[in-house]
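I have placed the structure first, in the form of structure tokens, so that the comments after it can refer back to it.
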Amino acid sequence: MSSVEEKLGMLTFKNDHQSHIQIPDPKICITRCKDKPCTKICPAKVYDWVESQKKIVIGYENCIECGAARMLCPYQNIRWEPPRGGFGVSYKYG
Ligand code: SF4
């Protein structure tokens with residue numbers, strides 16, 4: 001059986017130059033969200049807390065469009081739109 005990383009490696013992406021994911025209020029991430037679940041639940045590790053910058057850095061290019069982070073952000077602080085037409089992930093299997 002393949003690992004998650006191996007399965008992610010089978011995907012292809014056509015990346016847009018602009019992110020389809022935004023964090024409307026970055027202060028909430030700093031002041032209210034202690035556990036930062038977006039950094040733990042995303043299987044593609046799109047969300048990364050960078051302590052030196054005190055912010056979530058979004059690697060939108062790796063988004064597999066599962067929607068988990070948006071649903072599980074306790075402060076509804078992730079604005080996620082589908083990638084523009086023609087951009088985003090392509091699944092080859094399953
Ligand atoms: S889960 Fe939501 S509020 Fe918490 S760090 Fe991530 S984006 Fe910010």
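Atoms within each ligand, like the ligands themselves, are counted from 1 in listed order. Position 1 is the first residue of the sequence, and the numbers go up from there.
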- More than 12 non-hydrogen atoms from neighbouring residues, nucleotides or ligands closer than 6.0 Å to NZ on Lys55, yes or no? no
- Sub-3.5 Å donor-acceptor pair from the side chain of Lys54 to the main-chain atoms of Lys27, do we have one? no
- Distance col, row Arg84:CZ vs Lys14:NZ, nearest 0.5 angstrom, shows 10.0 Å
- Can you tell if the side chain of Tyr47 reaches within under 4.5 Å of the side chain of Val57, non-hydrogen atoms only? no
- Message: Counting C-beta onward and ignoring hydrogens, is there a side-chain heavy-atom pair between Glu61 and Phe13 closer than 4.5 Å?
- Response: no
- Task: Check each heavy atom of Pro74 against ligand 1 and say whether those closer than 4.0 Å belong to the side chain, the backbone, both or neither.
- Result: side chain
- atom 1 (S) of ligand 1: of Pro26, Pro37, Ala69, the nearest heavy atom sits on Pro37
- Task: Could you check atom 2 (Fe) of ligand 1 against the protein and tell me its nearest heavy-atom contact, residue, atom and distance included?
- Result: Cys73 SG, 2.3 Å
- Item | Element-labelled atoms of ligand 1 that are located less than 4.0 Å from some non-hydrogen atom of Ile78 | 7 (S)
- Query: Transitively linked via ILVMFWY side-chain contacts under 4.5 Å: Val89 with Val46?
  - Reply: no
- Message: So that I can check it, does any N, O or S atom in Cys33 come closer than 2.8 Å to atom 4 (Fe) of ligand 1?
- Response: yes
- The protein heavy atom nearest to atom 6 (Fe) of ligand 1 is Cys38 SG, 2.4 Å
- Item | Nearest neighbour in protein (non-hydrogen) for atom 8 (Fe) of ligand 1 | Cys29 SG, 2.4 Å
